[in-house]
Asks: 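Sharing a structure here in structure tokens format.
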Amino acid sequence: MVAIGNALFAAAAATVSTSSGSGTTSSLGAHQFQLADCSIDNFVPQFPAGQTQLVAPSQPPKFIGLAFGVQNYTCSTGNNFTSAGAVAELIDVSCIVSSPGFSTIQNDLYSFWTTLVPYSIQSIIDFLHIVNPPEILAQHYFVTNPITGQGISPKWDFTSSGKFQGVQDAFIIAKGKGTIPSPDDPTHDIAWLDVVQVEGDIASEVFRFDTVGGQPPSSCTYGKDKDISVKYVSKYIFYGGSLS
Ligand SMILES: *[C@@H]1O[C@H](CO)[C@@H](O)[C@H](O)[C@H]1NC(C)=O
Ligand SMILES: *[C@@H]1O[C@H](CO)[C@@H](O)[C@H](O)[C@H]1NC(C)=O
């Protein structure tokens with residue numbers, strides 16, 4: 001919970017932040033600690049052994065976000081929920097990748113997000129945009145597929161805060177490359193993914209891993225059940241791209 005407090009509600013403390021060197025620091029009394037934009041050159045995400053769908057590139061990763069938000073679903077004619085996009089806020093967790101507990105931080109954030117946060121994801125995103133703490137890395141949402149003009153594609157947008165604010169190409173729109181069911185609890189936790197760039201310069205490849213929640217009920221009644229949004233948390237790690 002302390003880590004989550006740091007990540008999420010450093011919002012308040014961070015409004016009194018100053019920039020120094022390559023990262024953003026916050027001064028609390030005499031102590032200076034870096035909150036965002038730390039190097040993650042040596043960080044290697046842990047993907048399950050014995051599969052070839054998700055393989056971390058050998059180059060160092062550039063950004064890592066801990067995301068909280070919703071997965072949207074619509075009840076389709078097969079009487080099951082099919083994906084209809086997602087909305088999430090990504091917190092820059094680059095400065096805590098070596099902390100004890102980082103590998104399970106998604107569980108803490110999920111408990112917090114599902115039990116203690118009564119606001120919609122969009123209202124939180126809007127609020128954090130106003131407060132503008134340095135830990136906000138990006139927003140994740142869906143846009144019309146830019147290639148076919150039909151259906152939707154996932155986008156990670158770095159353009160509205162931090163060092164990429166106003167940088168037009170600081171985003172990635174992606175298409176699927178690989179996927180595995182969550183190795184933890186696949187009926188509750190959404191799949192892990194590897195997606196690759198279709199447009200944008202912030203990255204050429206993104207992995208979703210360490211997912212918690214987000215899965216819809218296994219069935220629904222077409223024509224009767226409304227669209228649903230299911231809360232989830234995950235990590236997203238970004239590789240490649242021409243911006244840094
Ligand atoms: C939903 O049902 C359709 C038709 O029965 C099936 O092809 C599809 O794989 C199902 N999708 C999911 C997400 O279960
Ligand atoms: C997903 O649902 C949320 C509300 O829960 C809404 O704000 C958002 O626009 C929806 N996004 C998509 C892509 O349907």
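Each ligand, and each atom within it, is numbered from 1 in the order the structure gives.
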Asks: Can you list the ligand 2 atoms lying under 4.0 Å from a non-hydrogen atom of Ala84?
Replies: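 Counting atoms of ligand 2 from 1, those under 4.0 Å from Ala84 are 12 (C), 13 (C), 14 (O).
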
Asks: Applying side-chain contact (heavy atoms from CB on, under 4.5 Å) to Phe158 and Phe63, what does each step give before you reach the verdict?
Replies: CA-CA 11 Å; Phe158 288 59; Phe63 310 103; 4.0 Å; yes

Asks: Among all protein heavy atoms in this structure, tell me which lies nearest to atom 13 (C) of ligand 1, with the distance rounded to 0.1 Å.
Replies: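 It is Phe81 O, 4.0 Å.
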
Asks: So is Asn80 polar-close to ligand 1, meaning N/O to N/O under 3.5 Å?
Replies: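 Yes: some nitrogen or oxygen of Asn80 is under 3.5 Å from one in ligand 1.
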
Asks: Give the residue and atom name of whichever protein heavy atom lies nearest to atom 4 (C) of ligand 2, and the separation in Å to one decimal.
Replies: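 For atom 4 (C) of ligand 2, the nearest protein heavy atom is Ser229 OG, 3.7 Å.
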
Asks: Give me the residue, atom name and distance of the protein heavy atom closest to atom 7 (O) of ligand 2.
Replies: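 Here the closest protein heavy atom is Gln122 CB, 4.4 Å.
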
Asks: Is it possible for you to check whether Lys155 lies under 6.0 Å from the centre of the six-membered ring of Phe171, through NZ or CZ, and within 45° of that ring's axis?
Replies: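 Positive - Lys155 is close enough to the ring of Phe171 and near enough to its axis.
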
Asks: Taking atom types as modelled, find out whether Gln139 and Glu89 have a side-chain donor-acceptor pair closer than 3.5 angstrom.
Replies: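 Result is yes, a qualifying pair exists.
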
Asks: Atom 8 (C) of ligand 2: which protein heavy atom is closest, and how many Å away?
Replies: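 Checking every protein heavy atom, the shortest distance to atom 8 (C) of ligand 2 gives Val87 CG2, 3.6 Å.
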
Asks: Ser161 and side-chain contact (heavy atoms from CB on, under 4.5 Å): which partner among Leu137, Asp92, Asn132, Val131?
Replies: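 Exactly one candidate clears the test, Asn132.
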
Asks: Strictly by modelled atom types, are Asp108 and Thr104 linked by a side-chain donor-acceptor pair under 3.5 Å?
Replies: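 Looking only at side-chain atoms, Thr104 and Asp108 do not form any donor-acceptor pair under 3.5 Å.
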
Asks: Considering only non-hydrogen protein atoms, determine which one is nearest to atom 5 (O) of ligand 1 and report residue, atom name and distance to 0.1 Å.
Replies: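 Minimum-distance protein heavy atom for atom 5 (O) of ligand 1 reads Gly78 CA, 4.3 Å.
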
Asks: Does one side chain, of Thr179 or Trp192, offer a donor that lies under 3.5 Å from an acceptor on the other?
Replies: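 Note: Thr179 and Trp192 side chains miss the donor-acceptor criterion.
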
Asks: Please tell me if atom 11 (N) of ligand 1 is touched by the protein, where touching means a protein heavy-atom distance below 4.0 Å.
Replies: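 Given the 4.0 Å limit, the answer for atom 11 (N) of ligand 1 is yes, a protein heavy atom qualifies.
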
Asks: Can the positive tip of Lys177 be found less than 6.0 Å from the middle of the six-membered ring of Phe207, inside 45° of the ring normal?
Replies: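 The answer is no, since Lys177 fails at least one limit relative to Phe207.
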
Asks: Any nitrogen or oxygen of Asn72, main chain or side chain, under 3.5 Å from a nitrogen or oxygen of ligand 2?
Replies: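 Checking ligand 2 against Asn72, an N or O pair does fall under 3.5 Å apart.
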
